[in-house]
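In what follows, chains carry the letters A, B, and so on, assigned in the order in which the sequence lines appear, proteins first and then strands, with residues in each chain numbered from 1.
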Number of protein chains: 2
Amino acid sequence: MSKHVNNFSIFSSLPQEYIDKLEGISQSRKYPAGQAIFMENDPGNGFYGIVEGKIKIYKSSPFGKEHILHIFGPGEVFAEVAVFAGINFPANALALEDSTLIFFPRNRFRSLLAENPDLSMNLLSLMSMRLRQMVSKVEELSLKEVPARLAAHLLLLRQNTDKDKFNLDVNKSQLASLLGTIPETLSRVIRKMKDENIIQTNGSEVVIVDMQGLEDLAEGAYRL
Amino acid sequence: MSKHVNNFSIFSSLPQEYIDKLEGISQSRKYPAGQAIFMENDPGNGFYGIVEGKIKIYKSSPFGKEHILHIFGPGEVFAEVAVFAGINFPANALALEDSTLIFFPRNRFRSLLAENPDLSMNLLSLMSMRLRQMVSKVEELSLKEVPARLAAHLLLLRQNTDKDKFNLDVNKSQLASLLGTIPETLSRVIRKMKDENIIQTNGSEVVIVDMQGLEDLAEGAYRL
DNA sequence: GCTTCCTTTTGACTTAGGTCAATGTTTTTT
DNA sequence: AAAAAACATTGACCTAAGTCAAAAGGAAGC
């Protein structure tokens, strides 16, 4: 319990016996906001679960420009892909807030896996899910325009909070990067959605005014 | 041996014992060119391995327009993601050529998995690989322009054939979709690369003339 | 409170790449 | 071999979204 391993969605359905074993091989680590967790090309000698905080996964180009691949929050596990593939980390990870993580060392985890088939099964479905997420991201990037992507993102946030009024979980520059665009474009798109009375915003607070309008937008390229 | 299960890269490193079991639960199926294998939203009750032929995985929008997510060839396995996640197929699959596939029914495969941990391990690394491929596709689509994407694709083909002269494995319309663009744009980009003496083409035959130039192009956005 | 820094917004401009439509060019069918 | 269908190329045009530059807000430090 002290390490909250059972809070990670991939492990939550495991028998207590395995949870205990997982706690046995893991270690708790704290990172202040702004600190790097690993960098691109570091050896993937273990993966992480988030107890609290927010972690940004991103790639960056030689000068400046970065593209955010994902932002993870409490209960989520990240970097397990590189660990299974036995390769170096393909991207950077950085704590956006003061964060508490659980580290699972590669070798010890691997032994555990060999002994416990249920664990493998759980991981297989996690990976399937991840893969599906990426497939829809590819679709999104290749089929839809920025307004559609933003609309889809807002609808997702709405689903998670279950309210028509919620806060963006990252600042607007980061949101832009996450949507595969730049702050200027995002700003203009938000402005347009406000003018058309689809949403209202105030700082990082968003209120959905016209749900139907937002859903229509999210359909994007598929609209007739 | 009759079913060629050991030719699938994910299974190739398995002990003969498991190969035999896999052959036991699988069935061979033939599809003529142009035939659908499954459609979006069909229940994912099994996955496929390709003995021979070529399979296109794609999404399509209400009118016309389709986006190719992947094209698989002999030795590759597809649709296992949906099967593990226990969901319906998220895309369509169609035989581009006369193809021979091996079908692995979901339930029987699952039981096998529960009994054989090594199999799980192998699958985990397959999934990791797939995931990594998708991550780089996202990068590609969001960071690079069409000429860079084409250059990267040609370099990949070169790597596979190990020759500076090779054939495109799909027609140009399909290649366009695979690269996230349209035939017109692809045609113009190829034309430009020919004018700049980077490649030569004749029908579906491509010759790389200026390797360095191609590599520079593939760097795309990262270029200084 | 003022200054410095960072984020967001706005404007003017450019450009990659998409749409539509016409014309060649292969491939397939009869 | 002729006709039809499918695929590929080209041209003219348009638009979404990126670049660059500047201004306006907010938050943080002195």
Legend entry - Reference residue A:Y48; test ring-ring contact (aromatic ring centres under 6.0 Å, His included); the match among A:F104, A:F109, A:F72, A:F103: A:F103
Legend entry - Close side-chain approach of A:I198 and A:L217, heavy atoms under 4.5 Å: yes
Inset, instruction - Using atom CG of B:L217 as one end and atom P of C:dA16 as the other, report the distance to the nearest whole Å. - result: 13 Å
Inset, instruction - Tell me what B:R191 touches on the nucleic acid: a base, only sugar-phosphate, or nothing, going by heavy atoms under 4.0 Å. - result: sugar-phosphate
Inset, instruction - Go through D:dA16, C:dT19, C:dA12 for me and flag the one nearest to the A:E145 side chain. - result: D:dA16
Inset, instruction - Run the salt-bridge test on B:R158 and B:D164 with the 4.0 Å N-O cut-off and return the result as yes or no. - result: yes
Inset, instruction - Send over the distance from B:L186 CG to D:dA8 P, rounded to a whole Å. - result: 9 Å
Legend entry - Any side-chain donor near an acceptor of the partner, A:S99 and A:K30, under 3.5 Å: no
Inset, instruction - Ignoring backbone atoms, test whether A:S173 places a side-chain nitrogen or oxygen under 4.0 Å from the OP1 or OP2 oxygen of C:dT8. - result: yes
Legend entry - A:R149 or A:E184, whichever maps to the more 5' nucleotide of DNA chain D: A:R149
Legend entry - Euclidean distance, atom CG of residue A:L179 to atom P of D:dG18 [Å, nearest integer]: 11 Å
Inset, instruction - Quickly work out the B:I190 CD1 to C:dT25 C1' distance and round it to whole Å. - result: 15 Å
Legend entry - Whole angstrom value for the distance that separates P of D:dC7 from CG of B:L168: 15 Å
Legend entry - A:D195 CG to C:dT10 C1', straight-line distance once rounded to whole Å: 13 Å
Legend entry - Note, A:V5 side chain near A:N7 side chain (heavy atom, < 4.5 Å): no
Legend entry - Among C:dT8, C:dT19, D:dA8, the one nearest B:N171 by side-chain distance: D:dA8
Inset, instruction - Taking only the side-chain nitrogens and oxygens of A:T185, find out if one of them lies under 4.0 Å from OP1 or OP2 of D:dG18. - result: yes
Inset, instruction - Give the nucleotide from the list C:dG11, D:dA17, D:dA8 with an atom nearest to the side chain of B:K172. - result: D:dA8
Inset, instruction - Please confirm whether any donor atom in the side chain of A:R188 sits under 3.5 Å from an acceptor in the base of D:dG18, or the reverse. - result: no
Inset, instruction - Using whole Å, report how far NZ of B:K192 lies from P of D:dT10. - result: 15 Å
Inset, instruction - Measure the distance from CD1 on B:I182 to P on C:dC20 and round it to the nearest whole Å. - result: 10 Å
